[in-house]
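Shown next, in structure tokens, is the structure this report addresses.
In this text, all values refer to a predicted model and were calculated from it rather than measured experimentally. Each chain gets a letter, A, B and so on, in the order the sequences are listed, and its residues count up from 1. Every heavy atom of this structure was used, including side-chain atoms; hydrogens, water molecules and symmetry mates were not.
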Protein chains: 2
Amino acid sequence: MSKHSPLTDEALELVARRFAVLAEPMRLRLIQALFDGERNVTELVEATGGTQANISRHLQTLTAAHVLGRRKDGLQVFYRISDPTIPKLCELVCGSLEKSLTRQAAHLGAGEQ
Amino acid sequence: MSKHSPLTDEALELVARRFAVLAEPMRLRLIQALFDGERNVTELVEATGGTQANISRHLQTLTAAHVLGRRKDGLQVFYRISDPTIPKLCELVCGSLEKSLTRQAAHLGAGEQ
DNA sequence: ATTTTGTATGAGCATATACTCATATACTTG
DNA sequence: CAAGTATATGAGTATATGCTCATACAAAAT
């Protein structure tokens with residue numbers, strides 16, 4: 001995106017859609033709960049504190065976006081992170097926010113702004 | 001986010017908000033237009049093909065999120081990318097999408113799925 | 001076959017936000 | 001000061017999407 005030719009409208013929509021999928025706290029919580037490996041829906045409901053219906057919908061959204069993968073075993077369905085760039089994306093954003101917050105704290109402490 | 005302790009609800013909101021800011025095609029177009037350096041609003045309106053009002057709003061959103069920085073010079077206002085992680089984020093997502101698309105193309109070509 | 005357990009989904013509501021039009025504000029120039 | 005130019009914003013509308021309740025579906029157990 002930097003030195004490459006500008007993206008087409010279609011590509012921009014895809015990139016935006018990608019970011020949109022990550023733009024929900026509950027979905028981030030699910031991703032976080034899956035960093036250590038796959039879990040079934042019931043476990044994810046417990047880990048996140050959401051309702052079963054809502055978690056199921058978010059899992060569908062994440063799976064449709066190829067962020068998560070699905071494996072069915074009997075009654076249970078196990079989800080896992082299937083896109084290796086997801087952890088990197090989250091780390092980048094977290095790091096950036098930490099910096100931004102400490103900068104802000106420093107400014108407040110110095111009475112600036 | 002991976003080996004670190006799980007994020008607080010507040011932190012999750014911030015991360016989600018960050019992704020949300022990047023989840024609009026027009027804002028991505030603006031970011032793209034700023035990869036080569038700062039530009040004023042009129043230039044950005046021309047580069048993106050949007051209306052002045054809409055571009056102004058998106059610039060405000062991006063600036064409030066500390067993605068862009070603002071510099072006023074006389075009548076004009078110049079915007080620039082102020083968060084160095086933005087290009088990396090976009091590259092990560094683009095790369096991931098390219099892979100995903102070529103995989104899909106390969107599957108279609110092989111008659112799989 | 002019926003019941004139980006785990007997961008998905010249809011329908012409806014509430015909220016957020018992208019967009020536009022018109023107008024306001026800020027600065028410059030005549 | 002008046003007029004012009006660059007940017008921002010209030011108000012209104014349309015659309016998307018997150019959430020919930022109830023129920024459907026699928027597989028297992030009795």
Side-chain angles (χ1 to χ4, degrees), chain A residues 9-10 12-34 38-82, chain B residues 9-10 12-34 38-82:
Chain A
D9 288 8
E10 196 185 359
L12 283 175
E13 300 266 2
L14 286 177
V15 175
R17 180 67 202 147
R18 181 65 152 200
F19 282 124
V21 164
L22 300 175
E24 279 301 313
M26 184 57 90
R27 286 201 283 269
L28 292 176
R29 238 185 281 191
L30 286 168
I31 288 171
Q32 204 174 215
L34 290 171
E38 69 174 13
R39 292 204 193 181
N40 68 31
V41 178
T42 301
E43 289 171 333
L44 290 170
V45 168
E46 288 168 2
T48 59
T51 66
Q52 186 270 320
N54 196 29
I55 296 306
S56 181
R57 285 190 198 288
H58 282 307
L59 289 172
Q60 181 184 308
T61 299
L62 288 163
T63 305
H66 301 287
V67 169
L68 302 186
R70 228 180 91 106
R71 179 178 69 85
K72 208 171 180 180
D73 181 20
L75 266 182
Q76 305 177 354
V77 178
F78 289 86
Y79 287 88
R80 65 186 178 283
I81 296 177
S82 70
Chain B
D9 288 9
E10 196 185 0
L12 283 175
E13 301 267 1
L14 285 176
V15 175
R17 179 68 203 148
R18 182 64 152 203
F19 281 124
V21 164
L22 300 175
E24 278 302 313
M26 184 57 91
R27 285 201 285 269
L28 292 176
R29 236 184 283 191
L30 286 168
I31 288 171
Q32 204 173 217
L34 290 170
E38 68 174 15
R39 294 206 194 179
N40 67 31
V41 177
T42 301
E43 289 171 333
L44 289 170
V45 168
E46 288 168 0
T48 60
T51 66
Q52 186 270 321
N54 197 28
I55 296 305
S56 181
R57 286 190 198 287
H58 282 307
L59 289 172
Q60 180 183 307
T61 299
L62 288 164
T63 305
H66 302 286
V67 169
L68 302 186
R70 229 179 92 105
R71 179 178 69 84
K72 207 169 178 182
D73 181 19
L75 266 183
Q76 305 177 354
V77 178
F78 290 86
Y79 287 88
R80 66 186 177 282
I81 295 177
S82 69

Calculate the interatomic distance between Glu13(A) atom CD and dA18(C) atom P; express it in whole Å.
13 Å

Among dG6(C), dA8(D), dA26(C), the one nearest Gln76(A) by side-chain distance:
dG6(C)

What is the distance from CD of Glu24(A) to P of dC19(D), rounded to the nearest Å?
6 Å

May I ask you to decide if Leu44(B)'s main-chain N or O and Arg39(B)'s side chain share a donor-acceptor pair within less than 3.5 Å?
no

Using a heavy-atom cut-off of 4.0 Å across all strands, would you classify Gln60(A) as base, sugar-phosphate, or nothing?
sugar-phosphate

Would one find a side-chain N or O of Thr51(B) under 4.0 angstrom from OP1 or OP2 of dC21(C)?
no

What is the distance, to the nearest angstrom, from the CZ atom on Phe78(A) to the C1' atom on dA26(D)?
16 Å

Report which part of the nucleic acid Tyr79(A) touches: base, sugar-phosphate, or nothing (heavy-atom distance under 4.0 Å, all strands).
sugar-phosphate

Which residue lies toward the 5' end of DNA chain D, Arg57(B) or Val77(B), if each is placed at its nearest nucleotide?
Val77(B)

How do Val41(B) and Ala53(A) order along DNA chain D: which one's closest nucleotide is nearer the 5' end?
Val41(B)

Interatomic distance where CE belongs to Met26(A) and P belongs to dA16(C) [whole Å]
17 Å

For atom CZ of Arg71(A) and atom P of dT7(C), their distance in whole Å
12 Å

Phosphate-side-chain proximity, Arg70(B) and dT7(D), N/O vs OP1/OP2 below 4.0 Å:
no

To the nearest Å, how far apart are Leu75(A) CG and dA8(C) P?
11 Å

Side chain of Arg70(B), backbone of Val77(B): donor and acceptor closer than 3.5 Å?
no

Atom CG of Leu28(B) to atom P of dA18(C): distance rounded to whole Å?
12 Å

Can you tell which of dG18(D), dA27(D), dC19(C) lies closest to the side chain of Asn54(B)?
dC19(C)

Have a look at Ser56(A) and say if it touches a base, only the backbone sugar-phosphate, or nothing, with a 4.0 Å heavy-atom cut-off.
base

Between CG of Leu34(B) and CG of Leu68(B), what distance do you get to the nearest 0.5 Å?
6.0 Å

dC19(C), dA27(D), dT17(D): which one has an atom nearest the side-chain heavy atoms of Arg17(A)?
dT17(D)

Whole angstrom value for the distance that separates P of dT7(D) from CG of Leu59(B):
10 Å

So, does Lys72(B) get its side chain near the phosphate of dC27(C), meaning an N or O under 4.0 Å from OP1 or OP2?
yes

Answer yes or no: is there a donor N or O on one side and an acceptor on the other, between the side chain of Arg27(A) and the main chain of Val21(A), under 3.5 Å?
yes

Per nearest nucleotide of DNA chain C, the residue lying toward the 5' end, Gln52(B) or His58(B), is His58(B)

Mind checking the CD-NE2 spacing from Glu24(B) to His58(B)? Nearest 0.5 Å is all I need.
6.0 Å

